[in-house]
Amino acid sequence: EVQLQASGGGLVRPGGSSTLSCQASGFTFGDYTIGWFRQAPGKEREGVSCIASTYYADSVKGRFTTVTESAKNTVYLQMKSLGPEDTAVYYCAAAPLAYIPCTPPYYSFWGQGTLVTVSS
């Protein structure tokens, strides 16, 4: 069974840092590309980082970094300088093709998401 498990969310103070994990199972990790997406309250789901194209949304560029540990079938999203605007449910997703837009319709498999709340 294809599974993507996102974890690491929680409460973070403004200016703080956090790291999210996406652990994949049930498929050949190297045959897929992983993307991170988020959905803030009242907002559309948006691409945050897609690893194959080294894409980062303008809003997170310079603050977020994606790190892949292939041997563990895990991708991390390292986040720093977090602000309330970063509050969202963060999802990891997988797609079979690498050179695709970093938008939700192109991704086939999704994790359950993990909530990051940035608040004082």
Side-chain angles (χ1 to χ4, degrees):
E1 180 182 357
V2 175
Q3 291 187 345
L4 295 166
Q5 185 172 351
S7 61
L11 178 64
V12 185
R13 304 301 183 190
S17 300
S18 186
T19 297
L20 306 181
S21 300
C22 175
Q23 186 169 2
S25 62
F27 60 93
T28 302
F29 185 75
D31 290 343
Y32 290 79
T33 187
I34 303 296
W36 283 98
F37 302 81
R38 70 183 183 185
Q39 188 163 16
K43 303 287 187 179
E44 294 288 319
R45 191 172 299 183
E46 64 175 346
V48 174
S49 175
C50 291
I51 62 172
S53 60
T54 65
Y55 170 86
Y56 293 93
D58 288 342
S59 58
V60 309
K61 195 171 297 181
R63 300 189 297 118
F64 289 15
T65 302
T66 301
V67 178
T68 300
E69 293 195 28
S70 298
K72 297 181 179 180
N73 290 352
T74 302
V75 176
Y76 303 95
L77 182 66
Q78 300 175 335
M79 308 181 293
K80 65 179 182 180
S81 300
L82 290 165
E85 67 275 11
D86 297 309
T87 295
V89 177
Y90 285 73
Y91 301 88
C92 66
L97 299 174
Y99 301 105
I100 55 175
C102 192
T103 58
Y106 290 87
Y107 283 75
S108 303
F109 304 103
W110 292 80
Q112 81 284 5
T114 184
L115 176 63
V116 175
T117 302
V118 184
S119 176
S120 60

Between [X] and [Y], what is the shortest heavy-atom contact and its length?
| X | Y | answer |
| --- | --- | --- |
| Gly47 | Ala57 | O-CB, 3.5 Å |
| Arg45 | Pro104 | O-CG, 3.9 Å |
| Ser119 | Leu11 | O-CD1, 3.9 Å |
| Cys102 | Ser49 | SG-C, 3.9 Å |
| Tyr91 | Gln112 | CE2-O, 3.6 Å |

Can you name the residues that form a salt bridge (charged side-chain N to carboxylate O under 4.0 Å, His left out) with Lys72, not counting sequence neighbours?
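Checked Lys72 against salt bridge (charged side-chain N to carboxylate O under 4.0 Å, His left out); matches are Glu69.
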So, using side chain to side chain donor-acceptor pair (under 3.5 Å) as the criterion, who are the partners of Ser59 when residues are at least two apart?
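Here the qualifying residues are Arg38.
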Quick one: list whatever passes side chain to side chain donor-acceptor pair (under 3.5 Å) with Asp58, sequence neighbours left out.
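Residues passing side chain to side chain donor-acceptor pair (under 3.5 Å) with Asp58: Lys61.
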Once rounded to the nearest 0.5 Å, what's the spacing between atom [atom1] of [X] and atom [atom2] of [Y]?
| X | Y | atom1 | atom2 | value |
| --- | --- | --- | --- | --- |
| Lys80 | Ser18 | NZ | OG | 14.0 Å |
| Asn73 | Thr68 | CG | OG1 | 10.5 Å |
| Thr87 | Lys43 | OG1 | NZ | 12.5 Å |

Suppose clustering is done on Ile, Leu, Val, Met, Phe, Trp and Tyr with side-chain heavy atoms closer than 4.5 Å. Which residues sit in the same group as Phe109?
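So far as hydrophobic clustering goes, Phe109 is joined with Val2, Leu4, Val12, Leu20, Phe27, Phe29, Tyr32, Ile34, Trp36, Val48, Ile51, Tyr56, Val60, Phe64, Val75, Leu77, Met79, Leu82, Tyr90, Val116, Val118.
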Sequence-distant partners of Phe37, ring pair (Phe, Tyr, Trp, His ring centres under 6.0 Å), two or more places apart:
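Listed in chain order: Tyr107, Trp110.
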Sequence neighbours excluded, which residues qualify as side-chain contact (heavy atoms from CB on, under 4.5 Å) partners of Ser108?
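Counting only residues at least two positions away or on another chain, Ser108 forms a side-chain contact (heavy atoms from CB on, under 4.5 Å) with Pro96.
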Look at atom OH of Tyr106 and say whether more than 12 heavy atoms of other residues, nucleotides or ligands are closer to it than 6.0 Å.
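No - once you tally the heavy atoms of other residues, nucleotides and ligands closer than 6.0 Å, there are 12 at most.
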